[in-house]
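Remarks on the structure that follows.
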Amino acid sequence: QVQLVESGGGLVQPGGSLRLSCAASGSIFSIYAMGWYRQAPGKQRELVAVIISGGLTNYADSVKGRFTISRDNAKNTVWLQMNSLKPEDTAVYYCNADLTDLNHRKYPYWGQGTQVTVSS
């Protein structure tokens, strides 16, 4: 009953920018946290950025100062603004949301993934 739909990936040159979006829909009581993970070829999936409902954010060291995560709690939507992109940012980016129910239990959901390729 819950799905996360991602968009915004694509091909960009080094130094360029992309903006990813992820919208959650379905039977949602509340979303505690939303974040972005990425998985490069041959590598483990890693956390890129996370944002809590109150606005607290955290970023991977590799993207600090270049990426910005934001969300609209009313629309259950999260964005990832990616600036100064580097080839090593190339990966499939996955949206994640921790939903809470009436008993304040958390349930993780994942988006389908969107490809980001940084290459000249």
### Within-4.5 Å side-chain heavy-atom neighbours: S84 and F67
no

### pair S119-P87: side-chain heavy atoms closer than 4.5 Å
no

### Query
Among side-chain atoms of T90 and E88, is any donor-acceptor pair under 3.5 angstrom?
no

### Message
For Q44, is the CD atom crowded, meaning more than 12 foreign heavy atoms sit under 6.0 Å from it?
### Response
no

### Donor-acceptor contact present, side-chain N103 to main-chain R105, <3.5 Å
no

#### Entry: R45 CZ to N96 CG distance, which is reported to the nearest 0.5 Å
9.0 Å

### Query
Are side-chain heavy atoms of W36 and L47 found at a separation under 4.5 Å?
no

### Task
Nearest 0.5 Å please: distance from the OG atom of S30 over to the NZ atom of K106.
9.5 Å

### Message
Is a donor from one side chain sitting under 3.5 angstrom from an acceptor on the other, for S17 and N83?
### Response
yes

### Query
What's the shortest heavy-atom distance between S53 and R71, and which atoms?
N-NH1, 3.2 Å

### Query
Of the non-hydrogen atoms in Q115 and A91, which two are nearest, and what is the gap between them?
NE2-O, 3.4 Å

### Message
For a quick test of reading the model, state the closest non-hydrogen atom pair linking R19 to S70 and the distance between them.
### Response
NH2-OG, 4.0 Å

### Summary
Only residue of V63, N58, V78 satisfying side-chain contact (heavy atoms from CB on, under 4.5 Å) with I69 is V78

### Query
If we ignore angles and hydrogens, is there a donor and acceptor under 3.5 Å between the side chains of R38 and T114?
no

### Task
Give the minimum heavy-atom separation between A33 and I52, together with the two atoms involved.
CB-CD1, 3.6 Å

#### Entry: Contact summary for L4 and Q112, nearest pair of heavy atoms
O-OE1, 3.4 Å

### Task
Using the test ring pair (Phe, Tyr, Trp, His ring centres under 6.0 Å), find all partners of Y37 that sit at least two apart in sequence or belong to another chain.
W110

### Message
For E6 versus Y94, what's the shortest heavy-atom pair and its separation?
### Response
OE2-CA, 3.3 Å

#### Entry: Connected via hydrophobic side-chain network under 4.5 Å: I51 and I31
yes

### Message
Could you tell me if the side chain of Q3 sits less than 4.5 Å from the side chain of Y109, heavy atoms only?
### Response
no

#### Entry: Min side-chain heavy-atom separation I28-L99 under 4.5 Å
yes

### Query
Do V50 and W79 sit in the same hydrophobic cluster, where Ile, Leu, Val, Met, Phe, Trp and Tyr count as joined when their side-chain heavy atoms come under 4.5 Å apart?
no

### Steps toward side chain to side chain contact (heavy atoms under 4.5 Å, CB included) verdict (L18, V116)
CA-CA 8 Å; L18 285 173; V116 172; 3.8 Å; yes

### Task
Give the intermediate values and the outcome of salt bridge (Lys or Arg N to Asp or Glu O under 4.0 Å) for residues K86 and D89.
CA-CA 5 Å; K86 304 175 180 179; D89 295 319; over 6 Å; no

### Task
For the residue pair D98 and Y107, confirm or rule out a side-chain donor-acceptor distance under 3.5 Å.
no

### Message
Distance check, rounded to the nearest 0.5 Å: M82 atom CE versus Y93 atom OH?
### Response
5.5 Å

### Task
With rounding to the nearest 0.5 Å, note down the distance linking OG in S7 to CG in L20.
8.0 Å

### Query
Under the 4.5 Å side-chain heavy-atom rule for ILVMFWY, direct or indirect, which residues accompany F29?
L102

